[in-house]
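Input: one structure, supplied below.
Hydrogens, waters and symmetry mates are skipped; everything else that's a heavy atom, side chains included, is used.
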Amino acid sequence: MSKAELPFGGPGWPVTTPSMAPTTMGSVSGILRSRGAVSWYVGAVFSGLWLVGVGFSIAQYTESALSLALGILALFVYWVGFAIAAPLQWVLPVGHRLVVGLALFALSFTLWPWLGLGVHSIWTYVGVIVGMGVLRWRTTWGIILGLGLLAGIFGYLQLGWDTDVLISPAIIISISMMMASFARVMAAMNQLRAAQREMEIMAAGKERDRVARDIHDILGHSLTVITVKAELAGRLLDVDVERARTEIGEVEALARGALADVRTTVAGFRGVSVTAELAAARSALASAGIRSEFPSSTDAVRPEHRELAGWVVREGVTNVIRHSGASVCRVRLEPGLIDIADDGGGVPPTEAPSSSTGLNGLRERVEAAGLRLTTGRSDLGGFELRVSA
């Protein structure tokens with residue numbers, strides 16, 4: 001929930017959908033039957049026991065049975081108003097919640113014919129509703145202190161000056177502010193739960209992106225090599241059956257390896273070795289009839305960048321085999337530099353770097369490692385994929 005939706009500065013109660021749409025009869029009906037509202041009703045029942053004493057006062061000073069019945073009915077309506085006031089606030093924008101407290105305050109004066117100035121004795125319920133509105137702190141303090149002061153004035157006018165006059169204001173202020181603090185704690189907890197749910201959704205989205213990126217990288221390379229080797233085996237069937245059989249065996253091994261890689265990627269345990277990727281790339285390039293110019297060792301690559309270098313080699317060589325039509329592929333590995341170049345015709349417009357899923361996924365890996373990925377024309381005349389510090 002953004003601050004723009006909280007014009008009074010406090011957290012919402014409870015945390016609801018960010019829209020804060022105008023209240024409808026459906027939303028009111030739903031919130032009044034919600035689990036949170038039912039929990040509130042249980043508390044309202046216990047707090048309503050205080051009104052039993054008010055009911056005895058009405059009975060004590062009322063002689064007419066009709067007047068007594070009306071007084072008890074008015075007291076019951078007041079309690080019902082208190083019971084539903086807090087849930088009603090939950091579906092209102094913060095700026096409108098004060099209206100609920102004011103309505104309950106006005107409702108208390110329906111008991112004036114029976115309580116007179118003693119009506120201030122039931123204003124604790126009004127203060128509690130104001131506190132549960134989670135308004136700005138200074139607004140909450142101002143209203144509750146004002147309510148306590150008004151109760152003190154009513155008590156003075158009713159009883160004259162006596163220390164007992166201070167009891168009602170003290171009860172109103174203390175209980176109301178305690179409930180205001182409780183409401184803020186609960187609202188903050190609800191906001192934390194909502195934030196946790198958002199983080200879980202974001203984490204799930206990132207995990208889906210990771211799996212999709214890894215599967216693309218794994219299957220893109222493996223299927224490209226499988227296709228090249230299958231085509232080579234097809235050409236060799238009428239020339240060299242034994243070599244064709246060897247190529248088919250390698251195709252089977254590659255397929256099994258790709259399947260195992262997909263399983264480990266989904267499980268989250270996928271790792272890549274630059275040494276193994278160079279060896280696999282050399283074999284794949286040879287099958288495609290492309291000469292490889294590779295470094296004799298990978299010692300120049302920093303330890304923290306070796307897995308990344310493996311992904312770069314895999315993606316770069318896959319693109320060379322798939323798109324370039326090159327006769328030479330060169331890989332350079334230096335501290336802070338991974339460079340793959342060919343002498344082919346470059347990447348076709350339909351596979352431009354800006355629209356390539358593989359290169360976009362690789363760029364995410366590179367940038368996450370604090371490096372920079374660039375593409376362009378190589379000094380060999382073809383395409384170049386460069387990762388640098």
Side-chain angles (χ1 to χ4, degrees), residues 1 5-17 20-52 54 74-111 119-137 139-148 151 171-194:
M1 188 176 294
E5 293 150 4
L6 302 174
F8 283 85
W13 171 266
V15 174
T16 55
T17 56
M20 298 299 285
T23 304
T24 64
M25 290 305 296
S27 62
V28 171
S29 175
I31 199 67
L32 290 179
R33 297 194 306 268
S34 67
R35 181 182 301 178
V38 172
S39 299
W40 170 260
Y41 298 151
V42 173
V45 168
F46 285 101
S47 63
L49 296 176
W50 191 1
L51 294 179
V52 173
V54 179
L75 190 63
F76 178 74
V77 170
Y78 179 77
W79 175 82
V80 171
F82 167 74
I84 66 174
L88 284 177
Q89 290 185 117
W90 300 348
V91 294
L92 290 176
V94 178
H96 297 166
R97 294 176 187 175
L98 186 57
V99 175
V100 178
L102 292 176
L104 187 64
F105 177 72
L107 189 61
S108 69
F109 283 94
T110 60
L111 289 161
V119 74
H120 69 273
S121 63
I122 60 173
W123 285 351
T124 303
Y125 295 89
V126 177
V128 167
I129 294 303
V130 172
M132 294 298 289
V134 197
L135 308 175
R136 187 184 296 178
W137 263 120
T139 303
T140 301
W141 270 107
I143 294 174
I144 291 176
L145 287 177
L147 191 65
I171 292 175
I172 291 172
I173 293 172
S174 60
I175 293 180
S176 300
M177 292 311 301
M178 179 182 67
M179 294 303 295
S181 299
F182 167 76
R184 279 164 169 75
V185 170
M186 294 303 297
M189 289 177 61
N190 287 335
Q191 281 191 318
L192 288 174
R193 292 191 186 102

Is there a donor-acceptor pair closer than 3.5 Å between any side-chain N or O of Y125 and the backbone N or O of Y78?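 Side chain of Y125 to backbone of Y78, a donor-acceptor pair under 3.5 Å: no, none is there.
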
So which atom in Q89 and which in M132 form the shortest heavy-atom distance, rounded to 0.1 Å?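 Looking at all heavy atoms of both residues, the closest pair is NE2-C, 3.9 Å.
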
List the atom of G127, the atom of L147, and the distance in Å for their closest heavy-atom pair.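 Where G127 meets L147 most closely, the heavy atoms are N-CD2, 3.6 Å.
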
What's the spacing between L107 CG and L102 CG if we round to 0.5 Å?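 The distance works out to 12.5 Å.
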
Among V128, I144, V130, which one satisfies side-chain contact (heavy atoms from CB on, under 4.5 Å) with M177?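 Per the side-chain contact (heavy atoms from CB on, under 4.5 Å) rule, the option paired with M177 is I144, out of V128, I144, V130.
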
Sub-4.5 Å side-chain heavy-atom contact between L98 and I143: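 With C-beta onward as the side chain, the pair touches.
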
Kindly write out the residues that satisfy side chain to side chain contact (heavy atoms under 4.5 Å, CB included) with A151, not counting sequence neighbours, or none if the list is empty.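 With sequence neighbours excluded, A151 shows a side chain to side chain contact (heavy atoms under 4.5 Å, CB included) to H120, W123, S168, P169, I172, given in chain and number order.
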
Can you pull out every side chain to side chain donor-acceptor pair (under 3.5 Å) where at least one residue sits in residues 40-50? Sequence neighbours excluded, please.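 Counting only pairs at least two positions apart or across chains, no side chain to side chain donor-acceptor pair (under 3.5 Å) contact touches residues 40-50.
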
Examine distances only and state if a side-chain atom of S174 and a backbone atom of I171 form a donor-acceptor pair shorter than 3.5 Å.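 Between the backbone of I171 and the side chain of S174 there is a qualifying donor-acceptor contact (under 3.5 Å).
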
Within a reach of under 6.0 Å around CZ of F76, are more than 12 heavy atoms found that belong to other residues, nucleotides or ligands?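 Open.
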
Where do T140 and A180 come nearest, in terms of heavy atoms and distance?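 Where T140 meets A180 most closely, the heavy atoms are CG2-CB, 4.0 Å.
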
Are F82 and I122 side-chain neighbours, meaning at least one heavy-atom pair lies under 4.5 Å?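 No. Closest side-chain heavy atoms not under 4.5 Å.
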
May I have the step-by-step check of side chain to side chain contact (heavy atoms under 4.5 Å, CB included) for V42 and F46, ending in yes or no? CA-CA 7 Å; V42 173; F46 285 101; 3.9 Å; yes

S181 versus W137: any side-chain heavy-atom pair under 4.5 Å?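 Contact flag for S181/W137 side chains = yes.
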
Those residues that, when tested against T110, pass side chain to side chain donor-acceptor pair (under 3.5 Å) (two or more places apart):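 By the side chain to side chain donor-acceptor pair (under 3.5 Å) rule, T110 matches no residue at all.
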
Rounded distance [0.5 Å steps], CG in L88 versus CG in L32: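 If we round to the nearest 0.5 Å, L88:CG and L32:CG are 5.5 Å apart.
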
Search all heavy atoms of G131 against all heavy atoms of A183 and return the closest pair with its distance.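 That closest heavy-atom pairing would be O-CB, 3.9 Å.
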
